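All values reported here derive from a predicted model rather than from experimental measurement. Here is how names work: the chains are called A, B, and so on, in the same order as the sequence lines, proteins then strands, and each is numbered from 1.
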There are 2 protein chains.
Amino acid sequence: MRLTRPISTAQQVYEWLHGCVLRGDLPPGARLSESEIAQQVGLSRQPVREAFIRLAADGLAEVLPQRGTYIGRISTSAILSARLIREAVEADLARMVARARPDLSALQAQIEAQDHAHAAGDVPAFIQADDLFHRAMAEAAGHPAVWSDLERLKAQMNRLRHMAMRHFDRAETIAQHRAILAALLAGDADAAEAATRAHLRQMLTELPQIAAAYPEYFTT
Amino acid sequence: MRLTRPISTAQQVYEWLHGCVLRGDLPPGARLSESEIAQQVGLSRQPVREAFIRLAADGLAEVLPQRGTYIGRISTSAILSARLIREAVEADLARMVARARPDLSALQAQIEAQDHAHAAGDVPAFIQADDLFHRAMAEAAGHPAVWSDLERLKAQMNRLRHMAMRHFDRAETIAQHRAILAALLAGDADAAEAATRAHLRQMLTELPQIAAAYPEYFTT
DNA sequence: TACGGCATACTTCCATACAAGTCAAGGCGC
DNA sequence: GCGCCTTGACTTGTATGGAAGTATGCCGTA
């Protein structure tokens with residue numbers, strides 16, 4: 001029995017497209033074609049088609065029978081729902097961490113990484129460090145799986161974040177992370193929850209501006 | 001342009017299998033076969049295969065290349081993560097509803113429906129009413145989309161619930177719903193949150209017993 | 001009896017062909 | 001010029017055949 005299974009080509013196509021959508025390389029509303037992509041990657045339509053199906057299952061694409069496949073637009077209401085879920089979950093996680101007071105060096109490390117990325121203008125590194133900060137908090141709370149359970153919701157928010165990086169200076173984001181970490185280190189559950197909620201509510205002010213700047217990328 | 005698109009056969013196969021898995025009709029660990037299912041429903045392997053891919057994307061099945069497709073076992077850690085997320089989210093929703101004090105007749109109606117289903121021993125109706133109660137709370141909070149965003153997590157919990165229905169009397173569940181509704185009607189946010197969290201923590205005591213009763217259906 | 005090697009029947013994966021529906025452009029009639 | 005219809009080039013959906021890999025049972029051998 002093999003332990004490391006060979007990755008199927010359909011899987012590779014899926015991962016490639018998935019990354020393109022999240023990075024904004026394939027913008028919302030873009031039209032896809034099974035045969036066109038198949039020709040690009042030198043495969044038949046079938047594996048590409050299966051990648052499309054998985055993208056649609058992720059809520060990142062929409063397959064219209066006999067009409068075409070399109071990259072899904074960003075639903076502002078879906079973003080607001082996802083944000084609400086994240087706020088509720090991370091608020092609870094913050095309380096747990098503040099009470100348990102585990103080792104938090106991982107969070108400190110991600111803040112520093114984010115500082116460097118911000119200074120260097122390295123957008124992918126900044127986003128990765130941001131992700132890892134929140135993931136580290138879930139791990140510190142003893143529930144690492146929670147973070148991956150929210151993968152589907154984060155995908156939508158990641159697309160938004162790539163756009164936001166072009167319009168907002170993220171120095172404030174780092175300051176908010178520092179505030180969260182300070183409250184966690186102090187073991188102050190109330191302050192940690194408040195700082196976390198305030199951080200995630202930042203999106204409420206940014207979302208309308210991004211949606212106004214790229215109206216063709218959004219739906220209600 | 002058609003507004004009501006005809007449902008593809010692959011979609012129908014997916015929905016059928018999805019229902020079978022959630023109802024426990026296809027138990028965890030069960031082996032599936034593209035050709036076997038295709039023969040049963042009178043189709044070729046392709047639509048069945050695509051249904052398998054979607055099931056795997058939902059975390060309900062596992063496709064092992066050249067080896068077979070199996071209904072996923074229920075991960076106790078995944079259930080605990082999903083439960084934690086639901087508790088955090090519904091606690092926040094309960095606070096919102098308690099503060100906004102909207103019309104709550106929908107919640108009352110679902111409690112009564114659940115009462116009838118419990119008395120009649122109608123398991124599917126009971127589960128449906130349970131779902132609708134929580135969904136109604138999300139709607140009352142003004143965020144109906146939140147409930148559907150958690151669909152993927154609820155799928156795992158629904159499988160568990162079908163097993164739990166055979167081992168636990170659900171009268172207590174209804175009483176907990178009544179307690180939540182009473183707190184909401186009183187506009188007491190703290191009490192509503194506490195009642196909601198207590199209700200969802202019920203699973204923490206039931207899960208180990210179910211997992212012990214059906215060890216072959218669970219993994220860590 | 002115990003064990004190793006092989007044949008065989010499975011599985012999923014990919015390629016190809018065809019079917020059915022959609023959309024747009026162009027020609028025709030008015 | 002304007003409107004309607006037809007035609008054709010697309011799209012995704014389904015069926016089928018073969019390729020590659022896996023597991024299993026059987027048989028021969030020690």
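Checking the phosphate oxygens (OP1, OP2) of D:dC10, no side-chain nitrogen or oxygen of A:Ser35 falls inside 4.0 Å. Between A:Ser33 and D:dC10, a side-chain N or O to OP1/OP2 separation shorter than 4.0 Å is absent.
Ionic pairing of A:Asp149 and A:Lys154 is not present here: no N-O contact between side-chain nitrogen and carboxylate oxygen is shorter than 4.0 angstrom. Ion pairing between A:Arg54 and A:Glu50 fails under the 4.0 Å rule for side-chain N and carboxylate O. By the 4.0 Å N-to-carboxylate-O rule, A:Arg197 lies close enough to B:Asp92 to be salt-bridged with it.
B:Phe218 pairs by the side-chain contact (heavy atoms from CB on, under 4.5 Å) definition with B:Ile74, B:Thr76, B:Leu160, B:Met163, B:Leu207, B:Ile210, B:Ala211, B:Tyr214, not counting sequence neighbours.
By the 30° and 60° cut-offs, the orientation of the rings of A:His134 relative to A:His177 is perpendicular.
Rounded to whole angstrom, the span from the CZ atom of A:Arg67 across to the C1' atom of C:dT22 amounts to 7 Å. B:Phe52 places its CZ atom 10 Å from the P atom of C:dT11, with the value rounded to the nearest Å. What separates CZ of B:Arg31 from C1' of D:dT24 is a distance of 11 Å, to the nearest Å.
Of the options A:Arg83, A:Arg201, A:Arg170, A:Arg161, a salt bridge (Lys or Arg N to Asp or Glu O under 4.0 Å) to A:Glu206 is made by A:Arg170 and by none of the others.
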Scoring nucleotides 13-20 of chain D by protein non-hydrogen atoms under 4.0 Å (B base, S sugar-phosphate only, - none) yields BBBBBB-B
